[in-house]
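Here is the structure we will look at, set down as structure tokens.
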Amino acid sequence: MLEKRYDPHKVEEGKYETWKSKGYFTAGDKSKQAFSMVIPPPNVTGKLHIGHTCQTTIQDIVARYKKMQGYDVLWLPGMDHAGIATQAKVMEKLRNNGVDVTKITREEFLKAAWGWKDEYANNIHSQWAKMGLSLDYTRERFTLDDGLNYAVRTVFVSLYNKGLIYQGERIINWDPVQMTALSNIEVIHQNDPGQMFYFKYNVVGEKDYLIVATTRPETMFGDVCVVVNPKDKRYKKYVGKKVINPANGEQIPVIADEYVDISFGTGAMKCTPAHDPNDFIIGEKYHFEKPIIFNKDATMNEKCGKYQGLDRFECRKVLVENIKKDGNFIKIENIVHPVGHSERSHAVVEPMLSKQWFVKMRPLADQALANQKTNGKVDFVPKRFEKTFIQWMENAEDWCISRQLWWGHRIPAYYNKHTGEVVVSMDPPKDMENYEQESDVLDTWFSSALWPFSTLGWPNKTEDFERYFPTDTMVTAYDIIFFWVSRMIFQSLEMNHVRPFKEVVIHGLVRDELGRKMSKSLGNGVDPIEVIDKYGADALRYFLTTNAAPGQDMRYIEEKVIASSNYLNKIWNSARYVLSVLPEKFEPKEVNVKELSPLDQWIINRLEKTIKAVTLNMEKYDFNAASSHLYNFVYDDFCSEYLEMSKVSLSSDDEKVKNVTYQTLFKCLKDIILLIYPYTPFIAEELYLNLPVHLESIMLETYPKYDAHLVHSIVDKQVEVLFSIIRDVRNYKIENKLAPNASLDLSLNLRIKMFDGYQTYLERFTFSKVKEVDDSIVNMRGELKIYDNADLLIVNEAGKEDILKRIDKEISEEENEILRCQKMLSNPNFIAKAPKEKVKLEEEKLKTHQENLALLKEKKEKLS
RNA sequence: GGACACUUAGUUCAGCGGGAGAACGCUUCCUUCACACGGAAGAGGUCACAGGUUCGAUCCCUGUAGUGUCCACCA
């Protein structure tokens, strides 16, 4: 017997361990069709946040749903080493432990990092368990494990040999705190307050000068020229002359190039080829030197004379003061301008010329774009996110993949110590003593991009790879389409000539109650484990997956988690009722529609309709819509109507009536449990195991399937009239301040054949006596209610005036409806152009309303 | 500058070419034998604004305003 109150903690305890130990999460049943997903591997940097919970719950819903539909489901778990992020955290930990991290060796650091990884992997495992994720742990992977390293090297060598990976001198984003290069998308541009400095550049040998504006005076040590627009009349006379750089007194030429915007600043731009991407292009075009003026920690280097060793911002201050002293200072403007910051260290990123490894994007991106026009394309759900992907692919620039870190896949390139020749190969050269391996590692996303196939054993043609690749579905958030989704797609197309997944389901972000992004600095993050401890995993899972339209952001609102929990309690208690009334030796049978009473048939109709709608929306990954169909069925149809009615059926002396009711109650309850199960597996399992007949676990069950043969909607009208009458009698009592159980005399004029015994239900729920009468109902004293197929008269002694007032109200309502119908039907364009069914429907409505009006008028006449 | 969303009840959000929906909150009543984490009844909305398409627009199109996100970025 179930307890009166649903207690999520009791319900959730132990279930996960049982599922896991029974091997229910393990894929491999070859008698079934395969369905596969890989988890987006969380970073081993810390605890999982509520966004992870949302994402993995969506996947768990898909996995459990597909498994119930008879697929051999593989949901492969794993984690990401998260290069920069993890290295930063491990370094910080070491520093806090008093370790001098400047003296630590690569090997010592890696040892500490692996220790960190083990610790955090444990945390993540326990979080996954609490959430109830049906992950196949026998196949778990890590982006830095040996197998994946083999895959990474394979791809690197292959791309290198095809000329798609190259080493080059480019302006990259340098993070001077982490002391590593960053790819463009690891840089966050934010509008910071800054200053625009205006300086005099004196023309050599003349008394004239140019004014040049800059936001970064410290880069003046790397300037090679001043550029003006050739069409700029103000500066034409200076082109070809030399000016004096006020920072170091060097003479630099004035050149003309279209790039310069005449209207911006002073129209004269200083050019620093080694520290600005656009200046770099100009430097290349006109064959200038590209002097680098920063050290790796963004202090000034030996090219900066007396400023050598100063921090870049300190240098800026001192330099400006000195230029003032020299009389070359014009003015300072306070401005707000976009400044790039490192995603991880938040340091101001310094554009810096540097030798790095790049992936040549154009051919790969074009391939991905071309593939989207074929049948083998990746389907985005919702569809609009395909545009984000396409936009990214169309604008992709070469991807800087080398990182000056230790925590990551070391680039398989070897430099000959004597000749400097570069060898790229899977394994070190045989005469390794003559070589030195590249010390850089690869961008984390390089290994993440291979995740859907590297985890399955690729490049080996393993059984898993053959069976589960390409995967079926990828679930991820829209903010990661650039970083990850696009890279998985082009890497898989390049290496496997096939998409990595058939569909990618994009979900929104979980925001805080005020709609703000959750972040550490705001301290507005929600710890899923705390929520689970309070309300249970099921309530959290249900809340997170059913409260937003697909791809739309949602807010975390605690009240809504409570509402979810209340819903589960409702299901719990309806189950408690059903289980308490079922006879001890209950045996479920297939529904035989011939035996069903109209009430049973009605609820079966509703149930089948619900199964159909839920399944349709599950297929579309629209969990909001799917769950709402089920919710309405549970509350309105099952609990409010059928369950109450069943109390009357079960008080019958007729064993047949009772048996059919048992069967119907059981079927409804079981299907509700099965339909809610993917969302809330714990409570579903608990209720399932309490059913009088069940398998070892709900995980072995089959998803309910819509069965058209069970639907006979012919009874719906009878049942709906019955419900309407009950509702109206109750309302009548409230309006007239009568007790809910007051007995009234009801007269009924039926225009359809009602089912046998309907009166019993009517009397039980209205506490009243029911008499069938004929058309003479209009002659009788009392309140008249009109339905499509019946008229109800509540016999009463109320004053004539009251009754007339009510009748007048109803008359005017009917008249309004008639007017609306007539207006539509009198429009010749409506008749001519609207679909015929619509016209017919309106005509029928009009007829009904006119009949009702006639009855009301007749009644009114009789009364007065 | 470019792209993509969003604007519907007090709040948070669904939805839809043909009479506006849910949850929470609010008001009134009810501890009746599944559930007070409940039940019954109810109040509450010119569906941002302006045009257009259409027989008909909250829904489709265009524009405007506001909000949010992403990409790019000017020395």
Side-chain angles (χ1 to χ4, degrees), chain A residues 2 4-6 184-185 189 196-197 212-216 219 223 226-227 259-261 263-272 276-279 282 337-338 340 382 384-385 387-388 390-392 395 397 478-479 481-482 508-509 511 513 515-517 535 539 543 546-549 551-560 562-581 622 624-625 628 631-632 635 639-640 643-644 646-647 727 730-731 733-735 737 739-741 816-817 820-821 823-824 827-835 838-839 841-842 845:
Chain A
L2 297 173
K4 187 168 172 180
R5 235 205 94 167
Y6 155 59
N184 289 342
I185 46 180
H189 291 273
M196 180 78 84
F197 301 88
V212 174
T214 178
T215 52
R216 295 193 298 155
T219 61
D223 286 3
V226 168
V227 194
Y259 170 75
V260 175
D261 181 350
S263 61
F264 189 88
T266 63
M269 181 189 93
K270 72 185 206 57
C271 176
T272 323
D276 183 284
N278 294 311
D279 294 6
I282 291 174
H337 64 148
R384 66 172 184 272
F385 290 107
K387 286 187 192 161
T388 313
I390 286 174
Q391 199 200 345
W392 174 251
N395 299 314
E397 287 180 21
Y478 60 73
D479 62 344
I481 293 174
F482 308 113
L509 307 177
R511 297 172 172 280
E513 201 148 346
R516 299 172 304 182
K517 217 166 168 172
Y535 303 108
F543 160 71
T546 63
N547 270 283
Q552 219 60 47
D553 289 352
M554 67 175 314
R555 300 183 187 201
Y556 176 83
I557 296 174
E558 187 164 345
E559 284 74 32
K560 289 199 181 185
I562 297 172
S564 303
S565 176
N566 291 348
Y567 172 44
L568 299 181
N569 185 56
K570 186 75 178 175
I571 294 178
W572 178 272
N573 270 291
S574 63
R576 200 163 78 93
Y577 165 76
V578 173
L579 297 175
S580 74
V581 297
D622 189 343
N624 178 283
S628 123
Y631 183 93
N632 291 336
Y635 262 91
C639 290
S640 293
L643 220 145
E644 294 304 324
S646 78
K647 291 173 186 173
R727 200 164 31 244
R730 281 177 175 168
N731 278 341
K733 288 178 183 176
I734 287 168
E735 278 171 30
K737 300 198 162 55
N741 59 355
N816 281 340
E817 289 303 311
R820 199 187 59 81
C821 292
K823 201 178 145 196
M824 281 179 91
N827 180 345
N829 286 323
F830 176 72
I831 305 290
K833 299 190 178 175
K838 288 282 177 196
V839 177
L841 200 73
E842 285 305 317
K845 276 187 195 170

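Computed over heavy atoms, backbone and side chain alike; hydrogens, waters and symmetry mates excluded. The sequence lines fix the lettering, A, B, ..., with proteins before strands; numbering per chain opens at 1.
Comparing atom distances between the E644(A) side chain and each of rA5(B), rU12(B), rC35(B) picks out rC35(B) as nearest. Of the candidate nucleotides rG38(B), rU12(B), rA14(B), rA14(B) has the atom lying nearest to any side-chain atom of Q552(A).
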### Message
Using the rule given for side-chain hydrogen bond (donor to acceptor under 3.5 Å, both in side chains), can you reason through N278(A) versus Y259(A), listing the C-alpha separation, both sets of side-chain angles and the distance that settles it, and then say yes or no?
### Response
CA-CA 9 Å; N278(A) 294 311; Y259(A) 170 75; 3.0 Å; yes

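If you take atom C1' in rA14(B) and the same atom in rC47(B), they sit 13 Å apart, rounded to whole Å. The separation of rG42(B) from rU32(B), taken at their P atoms, amounts to 23 Å, rounded to a whole angstrom. Rounded to a whole angstrom, the distance from the C1' atom of rU62(B) to that of rA23(B) is 35 Å. Comparing the same atom, P, in rC33(B) and in rG39(B) gives a spacing of 15 Å after rounding to whole Å. With both ends at atom P, the span from rC60(B) to rU28(B) equals 41 Å, rounded to whole Å. Of the C1' atoms belonging to rU58(B) and rA20(B), the separation is 8 Å, rounded to the nearest Å.
A563(A) meets the side-chain contact (heavy atoms from CB on, under 4.5 Å) test with no other residue; sequence neighbours excluded. Applying the salt bridge (charged side-chain N to carboxylate O under 4.0 Å, His left out) rule to E397(A) yields no partners; only residues at least two apart in sequence or on another chain are considered. Residues that satisfy the side-chain contact (heavy atoms from CB on, under 4.5 Å) test with F385(A), not counting sequence neighbours, are F380(A), P382(A), T388(A), Y478(A), I481(A), I506(A). Shown here are the salt bridge (charged side-chain N to carboxylate O under 4.0 Å, His left out) partners of E559(A), two or more places apart in sequence or in another chain: there are none. Every residue two or more places apart in sequence or in another chain that forms a salt bridge (charged side-chain N to carboxylate O under 4.0 Å, His left out) with R516(A) is listed here: D512(A). Qualifying side-chain contact (heavy atoms from CB on, under 4.5 Å) partners for E842(A), counting only residues two or more places apart in sequence or in other chains: R820(A), C821(A), M824(A), L825(A), F830(A), K845(A).
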N/O contacts under 3.5 Å, protein versus nucleotides 55-61 of chain B?
unit_1, atom_1, unit_2, atom_2, d
rC55(B), OP1, K833(A), NZ, 2.4
rC55(B), O2', N827(A), ND2, 2.6

Within the sub-3.5 Å range, which N or O atoms of nucleotides 24-32 of chain B have a protein N or O partner, and how far apart are they?
none

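Between F543(A) and Y556(A), the distance separating the two ring centers is shorter than 6.0 angstrom.
Within the 4.0 angstrom heavy-atom criterion, only backbone atoms of the sugar-phosphate kind lie near K4(A); the bases stay farther away. Nucleic acid contact for Y556(A): none, since no nucleic acid atom lies under 4.0 Å from a heavy atom of the residue. Note on C271(A): nothing from the nucleic acid sits closer than 4.0 angstrom, heavy atoms only.
Sequence order on RNA chain B of the closest nucleotides to E513(A) and R820(A) puts E513(A) first from the 5' end. Of the two residues near RNA chain B, R555(A) and E842(A), the one whose nearest nucleotide lies more 5' is R555(A).
Remark: N624(A) CG to M554(A) CE distance equals 9.5 Å, nearest 0.5 Å. Atom CD1 of I562(A) sits about 11.5 Å away from atom CD1 of I557(A), to the nearest 0.5 Å. The CG atom of L2(A) sits 8.5 Å away from the CG atom of N573(A) when rounded to the nearest 0.5 Å. To the nearest 0.5 Å, atom CG of residue N566(A) and atom OH of residue Y6(A) are 10.5 Å apart. A distance of 12.5 Å separates OG in S564(A) from CG in N569(A), rounded to the nearest 0.5 Å. Considering CG of N547(A) and CZ of R555(A), their distance stands at 12.5 Å, rounded to 0.5 Å.
Rounded to whole Å, the distance from CG on N632(A) to C1' on rG21(B) is 9 Å.
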### Task
Encode nucleotides 69-75 of chain B as B, S and - characters from 5' to 3', where the letter depends on protein heavy atoms closer than 4.0 Å: B to the base, S only to sugar-phosphate, - to neither.
SSS-BBB

## Note on the structure
Under a 4.0 Å heavy-atom criterion, the protein footprint on nucleotides 40-45 of chain B, written with B, S and -, is SS----

### Task
Fill in the dot-bracket string of RNA chain B, one character per base: . for unpaired, | for a pair to another strand, ( ) or [ ] for pairs within the strand, taking Watson-Crick or G-U pairs under 3.5 Å.
(((((((..((((....[..)))).(((((.......))))).....(((((..]....))))))))))))....

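Seen from the ring of Y577(A), K647(A) counts as a face-on cation partner, given the 6.0 Å and 45° thresholds.
Listed by first and then second residue, the salt bridge (charged side-chain N to carboxylate O under 4.0 Å, His left out) pairs involving residues 263-272 of chain A are D223(A)-K270(A) (not counting sequence neighbours).
Phosphate proximity of rC4(B) to R384(A): absent, as no side-chain N or O sits under 4.0 Å from OP1 or OP2.
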